[in-house]
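The structure appears below as structure tokens.
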Amino acid sequence: MTPRPLLPILVAAALAAGGQAPARTTLIRHALLIDGSGAPPRRADVRIAGDRIAAVGQLAPGPGDVVVDADGLALAPGFIDTHSHHDRGLEAAPDALAMVSQGVTTIVAGQDGGGADLASLFARLERQPAAVNVASYAGHGAIRERVMGDDFKRHATAAELERMKALVKTEMDAGALGLSTGLEYDPGIYSAPEEVVALAKVAAGAGGRYASHIRSEDRSFWEALDEAIAIGRATRMPVQISHLKLGMHDLWGQADKVIGLLDRARASGVQVTADIYPYTYWQSNLGVLYPKRNYADAVETAFVLEHVALAQDIIFTRFRGHPDYTGKTLADVARLRGTNAAKTLMDLLAEPDGDSAGIVAKGMDEADVERLIRWPYANVCSDGQSSGLHPRGFGAFTKVLGPYVRDRKLFALEEAVRKMSSLAAANTGLARRGLVAPDSFADLVLFDPAVVADRADFGNAQAPSIGIHTVWVNGQVVFKDGRTTGAHPGRPLRREAAQKNR
Ligand SMILES: [Zn+2]
């Protein structure tokens with residue numbers, strides 16, 4: 001006689017008693033394991049117990065195993081998006097479709113100088129979890145704004161700097177990964193380099209790291225890169241260049257020079273790395289085109305439209321007062337207004353909120369993107385969000401796996417996975433994520449390498465990717481067969497040292 005399986009009875013008893021169900025195990029069999037280390041794919045089985053990976057190898061099903069037949073599909077660590085703005089929509093849409101549908105299981109927020117009040121953010125994520133894990137930097141800009149308010153178009157005083165340092169310390173204690181800056185944006189652009197170094201030292205003293213949207217991605221790119229590297233040298237902490245790019249026509253073709261510079265910095269002892277997204281269009285606001293904010297300057301305007309972004313390559317994503325401009329290029333809008341692009345640009349910037357109008361613009365060359373993304377210390381990021389016109393929010397990772405790797409063979413599949421997992425974890429300081437190995441957290445993605453691809457484009461930026469079969473976060477399935485499951489096992493990920501102090 002076959003004994004009745006005991007497990008359902010135990011589960012029912014435990015639930016009836018108000019307790020939690022006993023931990024179950026899941027056995028994923030017959031996977032093509034791409035473990036995140038960069039090692040070649042191999043046939044393996046993976047057992048999940050609770051929120052961890054319990055075993056990897058040739059495993060036989062045991063009692064209590066829920067068996068998933070991977071049927072030869074690729075099993076990889078869940079992808080880590082090291083530069084993400086998806087946190088903005090997570091409270092309203094905790095299923096995190098944009099992320100999990102491309103295999104992302106962890107996002108790193110607080111980017112470009114924006115992270116603030118992480119104690120509240122992390123507490124909220126514990127009360128109302130999302131499908132994905134969330135780590136965050138402390139943001140220089142947010143801290144600067146809190147201290148200096150509207151009076152930010154100047155260097156900070158010594159007293160203001162002391163208050164900023166205290167706030168960085170508070171955020172580091174709350175679990176920030178380090179300090180992020182957005183030195184091309186208000187209010188960070190008005191900071192003296194000494195201010196940034198002083199604040200970075202506080203983050204370094206707490207065991208943190210530095211991530212920077214550098215002071216210029218176009219006109220003063222080389223100086224801006226030097227500033228970021230100098231911060232690494234002064235603080236001895238790792239430096240992540242955010243969304244690395246050559247963002248000006250005059251800079252195109254110089255990817256090898258960038259890589260040479262970064263490699264020399266590494267050889268001299270600065271642990272500099274980068275993240276990058278696979279698109280030639282960036283997304284920002286209209287004001288960022290003018291580092292001196294001299295919007296009425298005709299010479300500067302002519303320079304912008306000849307060197308930084310062409311009128312037909314600037315697309316409006318959001319303009320208060322002109323909702324009808326959404327999706328139109330600056331060239332389109334100039335035609336509508338019956339004038340030229342330069343006058344249109346200056347007129348729009350003279351309007352209230354004109355400088356904060358959202359745009360996507362073609363600023364990069366595809367050959368540079370492909371060269372930079374191949375740098376062994378560059379990991380993949382999206383820089384994306386769940387709404388808007390830029391397809392990177394739904395397609396960055398799958399665009400690399402499909403078009404870049406399978407179709408154009410820029411690098412091996414295992415290298416792509418490494419750039420999305422263990423390298424991403426290393427470049428942000430996340431522990432026990434990014435590898436399929438015993439005792440790692442069970443963040444996993446099962447996908448079909450022959451099919452996986454992005455579907456989002458500028459015409460339909462929220463089109464989910466194809467080829468992602470199942471996604472686990474902390475051992476629970478959050479995405480399967482094209483749908484989110486409604487499970488929200490994501491956690492706030494505090495910096496390791498801060499966790500120990502809790
Ligand atoms: Zn940025």
Side-chain angles (χ1 to χ4, degrees), residues 28 30-46 52-53 55-58 70 72-83 102-106 108 133 209 238-241 244 255 258-259 262-263 266-267 271-278 369-382 396-450 452-453 467-468 471-472:
I28 306 170
H30 311 128
L32 181 69
L33 181 66
I34 305 175
D35 68 7
S37 70
R42 63 185 198 270
R43 298 277 155 192
D45 313 314
V46 172
R52 302 287 182 122
I53 292 166
V56 179
Q58 309 305 316
L73 295 178
L75 184 67
F79 304 144
I80 298 170
D81 188 351
T82 62
H83 189 105
Q102 51 178 326
V104 169
T105 55
T106 295
V108 181
N133 304 306
R209 42 217 305 133
V239 171
Q240 173 92 329
I241 308 294
L244 181 63
V258 177
I259 289 170
L262 295 174
D263 280 338
R266 291 185 63 87
Q271 198 187 319
V272 61
T273 56
D275 49 35
I276 181 167
Y277 53 82
V369 175
E370 293 184 5
R371 178 69 190 97
L372 294 175
I373 204 169
R374 289 170 63 196
W375 187 47
Y377 302 98
N379 68 269
V380 177
C381 72
S382 76
F397 287 78
T398 41
K399 186 177 179 191
V400 171
L401 293 173
Y404 274 28
V405 168
R406 180 189 54 245
D407 302 344
R408 300 226 290 288
K409 306 199 166 27
L410 286 190
F411 34 80
L413 180 59
E414 57 267 32
E415 175 66 357
V417 168
R418 187 185 74 89
K419 285 175 174 291
M420 298 173 181
S421 55
S422 72
L423 181 65
N427 289 358
T428 45
L430 293 173
R432 292 186 301 284
R433 310 262 171 195
L435 278 178
V436 181
D439 207 38
S440 276
F441 286 99
D443 296 344
L444 294 161
V445 52
L446 186 68
F447 68 97
D448 187 345
V452 66
I468 302 290
V471 179
W472 290 260

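- Annotation: salt bridge (Lys or Arg N to Asp or Glu O under 4.0 Å) contacts of D407 (sequence neighbours excluded): none.
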* Asked: What's the verdict on side chain to side chain contact (heavy atoms under 4.5 Å, CB included) for K419 and V400, showing C-alpha distance, side-chain angles and the deciding distance?
  -> CA-CA 10 Å; K419 285 175 174 291; V400 171; over 6 Å; no
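- Residues L444 and V436 have side chains in contact (heavy-atom distance under 4.5 Å, counting atoms from C-beta outward).
- Smallest separation of non-hydrogen atoms from I80 and A425: CD1-CB, 3.8 Å.
- Between Y277 and D81 there is no side-chain heavy-atom pair separated by less than 4.5 Å.
- Other residues, nucleotides and ligands contribute at most 12 non-hydrogen atoms within 6.0 Å of the OH atom of Y377.
- Contact annotation: the side chain of R42 approaches that of D35 to within less than 4.5 Å [non-hydrogen atoms, C-beta and beyond].
- For the pair Q102 (side chain) and A396 (backbone), a donor-acceptor distance under 3.5 Å is present.
- The minimum heavy-atom distance between L73 and F447, with the atom names listed, is CB-O, 3.5 Å.
- A donor-acceptor pair under 3.5 Å links the side-chain atoms of R418 to the main chain of P376, judged by distance alone.
- A donor-acceptor distance shorter than 3.5 angstrom exists from the side chain of Q58 to the backbone of R43, with no hydrogens or angles considered.
- Nearest heavy-atom pair, A74 versus P449, reported as atom, atom and distance to 0.1 Å: CB-CG, 3.7 Å.
- Judged by distance alone, the side chains of D443 and N133 do bring a donor and an acceptor atom under 3.5 Å apart.
- Proximity of V380 to Y404: side-chain heavy atoms (C-beta onward) are nowhere separated by under 4.5 Å.
- In this structure, N427 CG and Q271 CD are separated by 8.0 Å, a value rounded to the nearest 0.5 Å.
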